Each structure stands twice: as C-alpha cells, then as structure tokens.
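Written below as structure tokens is the structure these notes are about.
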Amino acid sequence: MQQSPTQDTLVGLFVASGIIGLFFLAMQISNLSSFIEDDGYTIKARFQNAGGLKIKSPVSVAGVKIGQVSAIQLGDDHRAVVAIKIKNQYNKLPSDTSASIFTAGLLGEQYINLDPGGMDDYLKENSEIDITQSAIILEQALGQFLFKKSADK
Amino acid sequence: MDNSNQSSNTIVTINNLTFYRGNRLIFDNISLEFQRAKITAIMGPSGTGKTTLLKLIGGQLQPNRGEVLVNGQNVHKLQRSQLFELRKKMGMLFQSGALLTDMSVFDNVAFPLREHTHLPESMIRSLVLMKLQAIGLRGARDLMPSELSGGMARRVALARAIALDPLMIMYDEPFTGQDPISKGVLLHLIKSLNTTLGLTSIIVSHDVHETAAIADYIYIIADGKIIDHGTPAEIQDSKSEWVQQFVKGAMDGPVHFHYPAPDYVDDLLSYSN
Amino acid sequence: MLKTFQNLGHTTLASFSKLGRASFFLLHALSGVPKLLLRPRLLINQLYSVGVLSFLIITISGLFVGMVISFQGFHILSDFGAEETLGVMVAASLVRELGPVMSALLFAGRAGSALTAEIGLMKATEQLSGMEMMAVDPIHRIIAPRYLAGIIAMPILAILFSCIGVLGGHLVGVGLLGVDNGSFWAQMQTKLDFRDDILNGVIKSIVFGCAVTWIALFEGYDTIPTSEGVSRATTRTVVNSAFTILGLDFILTTLMFGDN
C-alpha cells in the first residue's frame with residue numbers, strides 16, 4: 001500500500017536496465033546484428049567439397065568480411081551449392097570472381113575467400129560463381145603428400 | 001434459512017464438537033451456545049485449546065466430529081468463497097495483534113476496507129479515522145506497528161477487526177501481558193463496543209477477574225470438557241472444587257502443585273551407583 | 001536394522017507429502033496471479049525488495065567473475081596463440097552458464113532467504129492467519145505477488161550479471177592484457193548465437209527464478225512458527241535452492257546444448 005515515488009523510479013530503472021542489458025547482449029555479443037542487416041544479395045557457388053563450412057561462416061575479400069554463408073545444399077551434380085549473402089554496399093564484384101574455402105590458422109574455422117576478377121559486369125542476385133576451389137581437407141592433403149613422397153623414391 | 005436464524009438469539013452454536021491435534025484430544029464432544037449481542041467468555045487454564053476453539057469457529061481448522069453453526073451456516077460445510085463471505089462478518093483479535101508489520105497503523109486499519117470494498121480513498125480515510133478515534137489512537141495513525149506498545153497494538157488490531165462492522169468479534173486473550181492501565185482501557189473498549197454497537201463478543205481468557213467483570217455468560221473448559229457454565233455470579237458460587245480453585249487462584253486443589261512424581265523421600269534416597 | 005528402514009520409509013513419506021503440499025501451494029499461488037494484474041502496486045513493491053535490493057550484489061559479483069575468467073582464460077588461450085578468442089570464452093561461459101547459475105545462487109542467498117524469513121515471521125506473528133480471518137487469502141495477497149516478482153526479477157538479474165561480466169572481462173582482457181579490442185567483440189559476435197546462447201541462458205534463469213522463489217516462499221509458509229523454525233527454514237531455502245539450481249542446470253544444459 002505504500003506509495004513511494006523513489007521506489008517506483010528504482011523499479012522502473014531496474015526493469016529498464018534489464019531490457020537494455022538484453023539488447024546489449026543481443027547486439028554486441030551475439031550475431032543478432034547480422035540478422036537484422038537483411039539488405040543484401042545472394043549469390044551461389046558450387047564446390048567439389050564444402051569441408052567444414054557452416055551456415056554463418058564468414059565470406060571475405062582481401063580479409064575484409066563482406067557477407068556470410070546463408071545456406072549449404074547438395075546440388076543435382078552432387079556438388080555442394082553454397083548460398084552466400086553479401087551486403088549491398090559491396091555490389092561491385094566482377095562476374096568472374098573466384099571463390100575458395102580457406103581455413104583461418106591451422107585449427108581455425110573455415111571461411112570463403114572471394115578473389116575478384118577483371119570483368120566489367122558485376123555479380124547480381126542469384127548469379128553463380130564458376131571458378132571455385134574446394135576446401136583443403138587436412139587428411140587428403142597429408143595423404144597426397146605421403147603418396148607423392150613414396151612415388152618419388 | 002439465513003433469515004429465520006437471523007432472528008434467533010444464538011449467533012454461534014457448537015454441537016458435539018470433537019477435535020484432535022495429532023493424537024491428542026483437545027475437545028471431547030463439547031456443545032456451546034453464544035448469545036447475540038452478549039459478551040460470552042470461555043475460560044480455562046493455559047493449553048486447553050481456547051485459541052483452537054476460536055479457530056474452529058472461524059473455519060481455520062476442521063473438527064474431527066460435530067458442527068459449528070455461525071449465523072445459521074455450518075462453517076465447515078461452506079465453499080471457500082462462502083466461508084470468506086462469512087468471515088467478513090466475524091472480527092478476530094489475535095493475542096499478538098497480528099498487525100501487518102510493513103504497514104502503518106492507518107494502512108492496517110484501512111486494509112480490510114481496501115481489500116473488500118471499492119470505496120473512494122476519501123471515504124476510507126474518514127472510516128479509518130472514525131475507528132481510530134473510537135480506540136483513542138487517531139494521533140498514532142502514521143506510526144509503524146513496531147513503534148507501538150503491546151496495549152496500543154491490540155487497540156489498533158481491535159480497530160481493524162471492527163473496520164468492516166462485523167456481527168461478532170472474537171478476542172483471543174485480550175488481557176494477557178497488559179499493564180493495569182491497558183487492561184482497563186481494553187475492558188472499557190470491549191464493554192462499550194458491546195453496549196453501543198450491540199456487537200456480539202466472544203472472549204477467550206484466563207484472567208478471571210477482568211473477564212468476569214464484563215462477561216454476561218461464562219464457559220469454563222478444562223481437559224477437553226466443559227467443567228461449568230453460567231453467569232459470573234453462578235460461576236463464583238460454583239460447587240465444583242476445580243472451578244473454585246481456578247477462580248480463586250489457589251495453589252493446591254484438584255490441580256496439584258506438584259507434577260506427578262514418585263514419593264519425595266523415596267526419590268531422594270533412591271540414588272545408587 | 002529395522003529401525004533404519006523405518007526411518008528411511010518415514011523420510012520418504014515425509015518428503016512426498018511435502019512435495020504434495022508444495023505443489024498445491026504453487027497452484028494456489030498461481031491462481032492468484034490474474035487478480036494481481038489488476039493491482040500492479042503489489043507487484044511493484046515486491047519487485048523492489050526482490051529485484052532492486054539484489055542489484056548491487058549481482059552486479060559486483062558479475063564484474064569480478066568476468067574479470068577472473070578473462071585472466072584465467074587469457075593464460076590458457078595464449079598457450080595456443082588464440083588470445084583473440086578470449087571474448088568468445090568470456091561471453092559464452094557467462095551467457096550460457098555462469099550468468100544464470102551464479103545469479104540464481106546469489107539470488108537464493110539474498111532474496112530467497114529474505115522471503116523465507118519474512119513469510120515465516122508473518123506466520124509466527126499470526127499475520128497470515130489474521131489475514132485469513134479478515135477474509136483475505138494470504139496466498140493470493142502475500143505469496144502471489146512475491147512469486148511473480150521473483151520470476152520477473154531473476155532473468156533481469158541474470159542478464160545484468162552477464163553484461164557486467166562481459167564488460168569486466170573486456171576491462172581485463174583488452175585494458176590490462178592487451179587483447180585487440182576489435183577481435184574481442186568480433187569473434188564473440190560470430191561465435192555466439194542469439195537464440196542458442198542468449199535466449200537459452202534467459203530461459204534457464206526464468207526456470208531458476210521459478211524454482212528458487214517457489215522453494216523460498218513454500219519454506220516460509222510451511223515453517224514451524226517459532227524463531228528456531230524460521231531460522232531452519234531459511235537455511236533449508238538456501239541449501240535446497242542451491243541443489244535445485246545445480247540439478248536443473250545440468251538437465252537444461254543437456255537439453256539445450258546436448259545436440260551440438
């Protein structure tokens with residue numbers, strides 16, 4: 001029954017701080033901010049092997065993140081079709097751009113690196129990248145290396 | 001049904017009530033009647049379950065056998081909402097006062113009004129001040145319960161108990177632990193509430209003289225049974241030795257000074273290694 | 001020997017009957033919630049004593065926990081040359097586990113014990129039965145607002161704990177140990193998912209809030225109305241809450257993060 005204005009104010013501040021805190025967690029700590037930037041265009045790339053690529057893996061050009069993987073499916077030709085969402089501000093990617101799957105460091109996560117070509121027309125919504133290089137699978141690379149070694153002898 | 005009983009002279013009827021707490025028999029088949037607009041006292045030594053009787057009347061406890069009729073309604077057969085409706089007509093003054101410790105005196109008295117009525121705040125204020133004036137504590141309205149003396153707390157609790165203008169009010173040990181002045185004030189208040197408002201009062205007490213001074217009728221309960229009942233004068237002249245001991249406060253009588261023990265001399269000499 | 005079994009049986013039956021009483025108590029309290037919405041004043045008063053008064057201990061603990069994780073994490077991660085992922089480590093451990101669990105444990109100690117003592121004393125001083133005799137249902141009037149306040153306050157406190165913890169981790173990691181500011185945040189943002197991590201953490205804290213407040217209020221309501229009874233009930237609240245929080249956390253973690 002007590003009606004004290006300070007108490008009301010403090011309760012109000014308390015609840016508000018909770019909401020601000022949740023907002024902080026959502027925007028600053030989690031990836032929710034990248035969901036909200038929904039404006040962008042999607043291109044596709046076919047890889048022989050998508051390796052450890054995951055949805056939301058980063059896509060970068062020259063080390064700058066310009067988008068992320070939005071879907072990974074198996075195409076009719078039994079190759080991996082990777083959909084890439086690129087932010088609208090990066091809409092000047094030449095149509096002969098090539099895509100490769102790289103690994104950040106020895107044990108780091110995999111990401112797509114785009115290597116811009118020299119054509120005059122640009123990649124648009126639903127364009128497909130033709131030149132791709134699959135993920136380097138460590139076991140395969142090691143296997144090839146050992147095979148070569150023994151062949152050399 | 002309600003109306004026919006409204007006119008009858010008894011407000012509370014207890015028929016063949018038996019109550020056990022755990023395995024202990026508290027009441028053994030007792031029957032009592034409380035007259036409308038009268039002060040009825042229930043007396044007896046400590047630990048005879050006098051407070052339990054009030055809780056049975058208020059429907060807070062369920063009897064093992066027997067029935068309690070309040071204003072013609074069987075308390076223990078009522079739906080919860082009906083019971084709550086009935087309780088609005090019963091005030092109860094707890095031994096400790098049972099004031100809500102986080103509210104001021106004013107808010108405590110206003111509590112039942114705010115919970116049960118939709119009166120505007122201005123009217124609640126006048127009603128509360130009227131009740132506080134009646135108990136002489138209008139000036140203490142902004143104090144917290146912790147700042148009140150025991151006697152004042154009980155008076156505030158009394159104001160709260162009559163806030164909804166009940167039909168009857170039950171006092172649980174109203175005089176226990178009070179100084180003579182507080183006792184006098186409470187006696188006066190209980191009596192004047194009864195005479196001016198026609199408020200039926202049930203007093204549970206073991207303070208013989210104070211209670212006998214204002215009661216119209218007295219029941220004496222001990223060991224789960226009604227030992228005697230009658231007007232104060234009849235009780236005073238009771239033939240029961242037990243009642244005489246109780247009324248006079250004699251040290252020895254049917255209730256012995258010594259707790260049952262083996263013979264004193266034998267006990268002293270019985271030490272052996 | 002027979003005595004042992006007898007005791008065991010007695011204890012089992014007593015716990016079942018307590019659980020039953022507690023369940024009825026909870027249902028009764030929940031039935032009072034709709035009525036409560038008409039009187040928000042009651043809820044605000046309780047949010048103050050349950051939430052605002054726990055604010056300080058939660059934020060200070062959060063700050064220190066964040067700083068300590070940052071310190072410890074830095075030394076382990078630097079062995080692998082992975083200092084950049086310090087932000088991920090601090091944020092993930094706080095948001096998923098430490099935020100909800102630690103704040104619930106602190107909440108049980110700060111607000112839970114206070115609730116038990118308050119309700120227990122109200123019972124001991126006949127305030128609850130007095131209210132009943134005034135035809136006011138004490139479970140609706142006293143228990144329900146406190147229960148709702150606990151459920152609302154707990155996730156807010158857990159969120160604050162995590163936020164302050166991350167800031168504390170940033171203070172130590174970036175300010176003191178020299179981790180790059182940009183990668184501290186950027187790594188966090190790519191690795192933590194809003195739904196999987198943050199919402200799950202919030203759900204955990206809501207569950208803990210329900211459990212702790214329930215235990216605290218029931219222990220108070222069910223207490224033996226003497227000073228010894230109240231002090232025992234308060235201890236039981238803290239101990240039982242701690243066990244319940246840890247047990248529930250294990251179950252919830254398995255359900256939420258088990259299939260990754």
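Being a predicted model, the structure only gives us computed values, none of them experimental. In what follows, chains are A, B, ... by sequence order, proteins preceding strands, each numbered from 1.
Between Ile198(C) and Ala26(A) the shortest heavy-atom distance is CD1-N, 4.1 Å. Nearest heavy atoms, Leu10(A) versus Val52(C): O-CG2, 3.8 Å. Here the shortest heavy-atom pairing between Gly21(A) and Cys163(C) reads O-SG, 3.2 Å. Between Val11(A) and Ile44(C), the shortest heavy-atom distance links the atoms CG2-O, 3.6 Å. Here the closest non-hydrogen pair linking Leu160(C) and Gly18(A) is CD2-N, 4.5 Å. Residues Gln189(C) and Met27(A) share a closest heavy-atom pair of NE2-O, 3.9 Å.
Atom CD of Gln89(A) is surrounded by more than 12 heavy atoms from other residues, nucleotides or ligands within 6.0 Å. At most 12 heavy atoms of other shown residues, nucleotides or ligands fall within 6.0 angstrom of atom CD in Gln72(C).
Here the CD1 atom belonging to Ile19(A) is positioned 7.0 Å from the CD1 atom belonging to Ile156(C), to the nearest 0.5 angstrom. In this structure, CG in Leu22(A) is found 5.0 Å from CZ in Phe194(C), a value given to the nearest 0.5 Å. Distance CG/Asp8(A) to CZ/Arg41(C): 4.5 Å, rounded to 0.5 Å.
No side-chain heavy atom of Gln7(A) sits less than 4.5 Å from a side-chain heavy atom of Leu47(C). Between Leu13(A) and Phe55(C) the shortest side-chain heavy-atom distance does not fall below 4.5 Å.
Looking at Ala153(C), the atoms closer than 4.5 Å to chain A (heavy atoms on both sides) sit in the backbone and in the side chain alike. Contacts between Val202(C) and chain A at a heavy-atom distance below 4.5 Å involve the side chain alone, from C-beta outward.
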Intermediate values then yes/no, side chain to side chain contact (heavy atoms under 4.5 Å, CB included), Ile159(C) and Phe23(A): CA-CA 10 Å; Ile159(C) 288 169; Phe23(A) 189 73; over 6 Å; no
With side chain to side chain contact (heavy atoms under 4.5 Å, CB included) as the test, would you mind laying out the steps for Phe14(A) and Leu53(C) before giving the verdict? CA-CA 10 Å; Phe14(A) 174 69; Leu53(C) 295 181; over 6 Å; no
